[in-house]
Amino acid sequence: MTTAGSGEAVATDPWTPWIAAASSGIVRAAGAVGLSLPESEVRTLLDAEGGPEGDLAFPVHRLASLAGTPADELALRLAERFPPTPSLTAPAAKGAYLNFRVVPEELVRATLSLVLERGDAYGRGPPQEGAVCVEHTSANPTGPFHIGRVRNAIIGDTLTRVLRAAGAGVTTQYYIDDMGRQAAMVTWIWGKPRDSWPEPIRASVEGREGPDDKVDLRWGRPYPATSAYLKEHPGAAAEVAEVVRKIESGSPPPEHRAIAGKILEGMLASLARLGIGFDEFVWESDLLRDGSVERTLDRLRASTLAVREENGAWAIDAGGFALPKESTKVVFQRGDGTSLYVTRDVAYHLAKFARFARVIDVLGQDHRLHARTLEALLAAIGESHRPAFVIYQDITVPEGGRMSTRGGSAVWLDQLLEEAVERARGEVLARRPDLPASEVERIAEAVATGAVRYHIVRVAPDKAVRFRWEDALSFEGRSGPFVQYSYARASSVLRKGEAEGPPYPFDPSRLVDPDEVALVRTLSRFPGVVAYAARTSHVHAIAGYAHDLAEQFNRFYHAVPVLRSGAERASRLALVAASRQTLRNVLELLGVAPLETM
RNA sequence: GGGCCCGUAGUAUAGCUUGGACAUCACAGAGGCCUCCGGAGCCUCGAACCCGGGUUCGAAUCCCGGCGGGCCCGCCA
């Protein structure tokens with residue numbers, strides 16, 4: 001282990017030396033047959049996933065066509081010239097491939113040492129330069145969270161955990177849109193005495209209220225009917241417009257921010273159950289108050305692309321940016337002088353660029369054009385920074401179409417969690433009648449929230465998810481509870497063998513069963529998976545890895561006795577300890593609670 | 001009409017940015033495993049790259065064209 005303060009890089013990935021050894025060996029072997037190629041190119045060709053025949057695979061096709069030699073023949077010649085390397089078996093030529101295997105004892109020794117030494121830090125990368133801001137969720141405070149919105153929060157939170165593990169310094173932000181028409185609608189309706197509410201709105205609320213209503217449910221309840229009502233009643237819509245104007249002019253109705261705050265409070269309580277929180281909250285209206293919006297308007301009007309409309313509105317002529325709109329104009333200031341959402345978003349991003357080297361926004365696909373418009377406006381004022389967007393597709397309802405609050409197709413996160421807890425409680429009670437009620441409750445909550453988080457994060461963001469209750473509440477197979485179960489099982493074995501550790505001394509030559517080596521190989525992949533997910537924002541890869549690891553551990557568990565074994569017992573306990581540690585670390589990245597027992 | 005995204009077994013998904021050897025995993029289906037450290041588990045079997053071109057030694061992956069689905073195209077947010 002590297003000593004503290006030595007300035008040397010701490011080893012974080014067991015594969016680093018093996019990939020280096022294979023690459024430099026290939027370069028030398030190629031040199032010996034008269035071929036010269038840079039090591040960096042070898043590394044990109046080298047398949048670190050291995051193939052059916054080894055841990056590392058090198059396809060020689062490209063070299064072969066360069067040399068004008070048949071690929072099979074070249075593979076054989078390279079295999080002969082590959083220099084002896086202590087940690088790798090001699091390469092085997094198979095067809096057009098050169099296959100390497102890490103010496104199994106070396107794989108076991110290096111991996112288990114690294115996992116057990118690094119502990120909670122296993123999987124983490126070296127610290128990275130540059131502050132990062134991840135903005136996610138930012139749902140309008142108009143009512144309870146529904147499943148569609150929560151995908152944003154889960155992707156954003158997981159991405160944050162992954163980036164931090166990869167070494168980045170991340171600040172999360174939730175942008176609260178308290179200036180738009182949507183928040184104004186809520187204030188408008190609550191600003192009226194209840195007996196003067198329009199009939200359809202009153203009808204949508206009455207008879208559904210209860211004393212224990214969550215704040216977001218209570219204050220958000222009239223929103224869907226209000227939204228529908230305003231579409232058909234221009235007079236009422238004009239009143240809402242007046243609320244918007246007051247907000248924009250800096251003198252909102254006194255209760256405005258308080259109502260938004262209450263709804264937000266309820267939404268955040270739901271997210272907290274999923275382990276999701278935020279470092280900072282940015283109120284849109286604060287950007288107005290501190291002058292950022294005015295400065296942004298000044299810069300936009302000063303742009304060479306700015307044009308004035310007949311009624312006094314201002315726009316950017318974005319024809320050069322090829323936005324897929326019917327008009328090439330992007331209006332950033334209304335005829336009455338007020339700003340628009342996209343304008344305030346420009347102000348917000350300028351504030352982010354001033355503090356952060358990297359700015360990441362997690363957005364639903366319906367915001368894609370908005371993202372491009374934002375970029376166009378940033379370009380128009382000569383700003384060189386751009387946010388990186390992580391775009392995810394919608395969660396759709398089984399009948400087709402997007403999940404929306406208005407259509408009544410929305411399932412609230414709280415409803416989903418309630419169902420999930422109820423089901424989890426039944427499962428726990430059936431299996432563990434010995435546990436006290438409070439413990440059953442704690443486990444049911446962890447299983448339920450773990451299942452929901454996992455179910456949503458496991459799918460690639462650019463794939464739409466069709467919401468089905470039976471899938472969302474599944475506790476078996478590719479699910480959060482499956483991973484939690486493996487963790488609990490590993491914990492149970494270690495409890496029963498607690499006399500032996502920690503620490504867990506081991507002898508690599510005692511861990512030779514194919515299921516043992518396969519498990520170690522899976523453990524060794526973890527740092528690479530974290531780095532990959534951080535680089536590509538493919539957070540679903542973490543969920544996939546968690547499942548692979550849990551599955552591999554279960555295979556080992558069934559195939560190989562641990563506590564009942566003889567000379568191998570100590571080494572197998574070390575393998576269980578390393579597995580438990582890695583399961584714990586990957587669960588942490590997913591925001592799924594590890595359970596010692598379930 | 002224009003733009004972006006998606007299309008992999010019955011269902012649902014991984015692999016696609018960096019083209020490479022028998023395409024991953026789950027649910028459902030068929031058949032096995034509880035004298036054994038926790039069966040929310042393990043083992044075995046059957047089953048898929050939307051269609052048509054192109055590039056390439058090689059295409060699920062890259063390019064073009066269809067078809068099907070989603071989303072967006074506002075002085076809303």
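Labels below follow one simple rule: chain letters A, B, ... track the order of the sequence lines, proteins then strands, and each chain is numbered from 1. Here the structure is a predicted model, which is why all the values come from computation and not from measurement.
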How is A:Val60 classified with respect to the nucleic acid when contacts are heavy atoms under 4.0 Å: base, sugar-phosphate, or nothing? nothing
Handout entry: Separation of the C1' atoms in B:rC71 and B:rU8, to the nearest angstrom
Key = 22 Å
Nearest-nucleotide check on RNA chain B, A:Lys329 vs A:Thr597; residue mapping nearer the 5' end is A:Thr597
* To do: State whether A:Asn554 places a side-chain N or O below 4.0 Å from either non-bridging phosphate oxygen (OP1 or OP2) of B:rC42.
  => yes
I'd like a table of atom pairs between the protein and nucleotides 34-37 of chain B - only N or O on both sides, under 3.5 Å - with the distance next to each one.
unit_1 : atom_1 : unit_2   : atom_2 : d
B:rC36 : O2'    : A:Arg564 : NE     : 3.1
B:rC36 : O2'    : A:Arg564 : NH2    : 2.9
B:rC37 : O3'    : A:Lys496 : NZ     : 3.4
B:rC37 : O2     : A:Val562 : N      : 3.3
B:rC37 : O2     : A:Leu563 : N      : 2.8
B:rC37 : N3     : A:Val562 : N      : 3.0
B:rC37 : N4     : A:Tyr557 : O      : 2.3
B:rC37 : N4     : A:Val560 : O      : 2.6

Listing time: all N or O pairs from protein to nucleotides 13-17 of chain B that are below 3.5 Å?
unit_1 : atom_1 : unit_2   : atom_2 : d
B:rU13 : OP1    : A:Ala464 : O      : 3.4
B:rU13 : O2'    : A:Arg478 : NH1    : 3.3
B:rA14 : OP1    : A:Ala460 : N      : 2.6
B:rA14 : OP2    : A:Lys463 : NZ     : 2.9
B:rG15 : OP1    : A:His540 : NE2    : 3.2
B:rU17 : O4     : A:His538 : ND1    : 3.1
B:rU17 : O4     : A:His538 : NE2    : 2.6

Checking N1-N3 plus N6-O4 or O6-N4 for Watson-Crick, or N1-O2 and O6-N3 for wobble, each under 3.5 Å, the partner of B:rA9 is none
For nucleotides 62-68 of chain B, 5' to 3', base contacts (B), sugar-phosphate-only contacts (S) and non-contacts (-) with protein non-hydrogen atoms under 4.0 Å give -------
Between side-chain atoms of residues 534-544 of chain A and protein atoms elsewhere (two or more places apart, or another chain), which donor-acceptor pairs fall under 3.5 Å?
unit_1   : atom_1 : unit_2   : atom_2 : d
A:Thr536 : OG1    : A:Tyr532 : O      : 2.8
A:Thr536 : OG1    : A:His538 : N      : 3.2
A:His538 : ND1    : A:Tyr532 : OH     : 2.9

In whole angstroms, the gap separating C1' of B:rG1 from CG of A:Leu323 amounts to 17 Å
B:rC34 glycosidic conformation (syn if within 90° of 0, otherwise anti) is syn
Side-chain atoms of A:Arg468 come closest, of B:rG38, B:rG74, B:rA12, to B:rA12
pair_partner(B:rC62), Watson-Crick or wobble, both distances < 3.5 Å, evaluates to B:rG54
Residue pairs passing the salt bridge (Lys or Arg N to Asp or Glu O under 4.0 Å) test with at least one member in residues 439-453 of chain A, sequence neighbours excluded, are A:Asp157-A:Arg453, A:Arg273-A:Glu445, A:Arg425-A:Glu441, A:Glu439-A:Arg442
With sequence neighbours left out, the residues meeting ring-ring contact (aromatic ring centres under 6.0 Å, His included) with A:Phe526 are A:Tyr122, A:Tyr545
**Prompt:** How is A:Phe475 classified with respect to the nucleic acid when contacts are heavy atoms under 4.0 Å: base, sugar-phosphate, or nothing?
**Reply:** base
Whole-Å distance, A:Asp471 CG to B:rC25 C1', equals 15 Å
Using nucleotides 44-51 of chain B, report all nitrogen or oxygen pairs with the protein that are shorter than 3.5 Å.
none

A:Arg245 atom CZ is separated from B:rC75 atom C1', nearest whole Å, by 16 Å
Which part of the nucleic acid, if any, lies within contact of A:Asn311, taking any heavy atom under 4.0 Å across all strands shown: a base, the sugar-phosphate backbone alone, or nothing?
base
Open item on the list: Just so I know, are the side chains of A:Val576 and A:Tyr504 near enough to count as touching, which here means a heavy-atom distance under 4.5 Å?
Closed with: no
Here the distance between atom C1' of B:rG69 and atom CG of A:Asp394, to the nearest Å, is 12 Å
If I pick the C1' atom on B:rC49 and the same atom on B:rU44, what distance separates them, to the nearest angstrom?
25 Å
To the nearest angstrom, the CD-P distance between A:Glu248 and B:rC75 comes to 15 Å
Have a look at A:His547 and say if it touches a base, only the backbone sugar-phosphate, or nothing, with a 4.0 Å heavy-atom cut-off. sugar-phosphate
Applied to residues 305-318 of chain A, the salt bridge (Lys or Arg N to Asp or Glu O under 4.0 Å) test, sequence neighbours excluded, yields A:Glu309-A:Lys329
So, with a heavy-atom separation below 4.0 Å from RNA chain B, the residues of residues 334-342 of chain A are A:Arg334, A:Gly335, A:Leu340, A:Tyr341
Taking B:rC72, B:rA26, B:rC73 as options, the one with an atom nearest any side-chain atom of A:Asp366 is B:rC72
Checklist entry - Looking only at atom C1', what distance separates B:rC62 and B:rG19, rounded to whole Å? => result 7 Å
With the side chain defined as heavy atoms from C-beta on, A:Glu53 is closest, among B:rG38, B:rA21, B:rG74, to B:rA21
inquiry  = Please give the distance between the P atoms of B:rA60 and B:rA48 as a whole number of Å.
reply    = 15 Å
Practice problem: Mark this stacking check for A:Tyr97 against B:rA21 as yes or no, applying ring centres under 5.5 Å and ring planes under 30°. | Solution: yes
Between B:rG70 and B:rU55, how far apart are the C1' atoms? Round to whole Å, please. 30 Å
For A:Phe389, the ring-ring contact (aromatic ring centres under 6.0 Å, His included) test, sequence neighbours excluded, returns none
By nearest-heavy-atom nucleotide on RNA chain B, the more 5' of A:Ala424 and A:Arg535 is A:Arg535
Quantified in whole Å, what is the C1' atom distance between nucleotide B:rG15 and nucleotide B:rC72?
29 Å
With P as the reference atom in both, quote the distance from B:rU61 to B:rA9 in angstrom, rounded to an integer. 15 Å
Is there a donor and acceptor pair closer than 3.5 Å between the side chain of A:Gln365 and the base of B:rG70?
-> yes
Out of B:rC6, B:rC25, B:rG41, minimum distance to the side chain of A:Asp462 belongs to B:rC6
To the nearest angstrom, the CG-C1' distance between A:Asp72 and B:rC57 comes to 12 Å
In short, salt bridge (Lys or Arg N to Asp or Glu O under 4.0 Å) pairs touching residues 44-68 of chain A with sequence neighbours left out are A:Glu53-A:Lys94, A:Asp55-A:Arg521
When rounded to whole Å, the CG to P distance for the pair A:Leu63 and B:rG58 reads 19 Å
(message) Need one value for A:Met179: base, sugar-phosphate or nothing, where a base atom within 4.0 Å counts as base even if backbone is also close, heavy atoms only.
(response) nothing
Of B:rG38, B:rG3, B:rC75, the nucleotide closest to the side chain of A:Pro324 is B:rG3
Tell me what A:Glu476 touches on the nucleic acid: a base, only sugar-phosphate, or nothing, going by heavy atoms under 4.0 Å.
-> sugar-phosphate
Which part of the nucleic acid, if any, lies within reach of A:Gln333 when heavy atoms closer than 4.0 Å are counted: base, sugar-phosphate only, or nothing?
-> nothing
request  = Determine the interatomic distance between C1' on B:rG32 and the same-named atom on B:rG41; round to the nearest Å.
outcome  = 14 Å
The side chain to side chain contact (heavy atoms under 4.5 Å, CB included) partners of A:Ala93 (sequence neighbours excluded) come to A:Ala75, A:Leu76, A:Ala79, A:Leu98
Once you measure the plane-to-plane angle for A:Phe553 and A:Tyr557, does it fall in the parallel (<30°), tilted (30-60°) or perpendicular (>60°) bin?
tilted
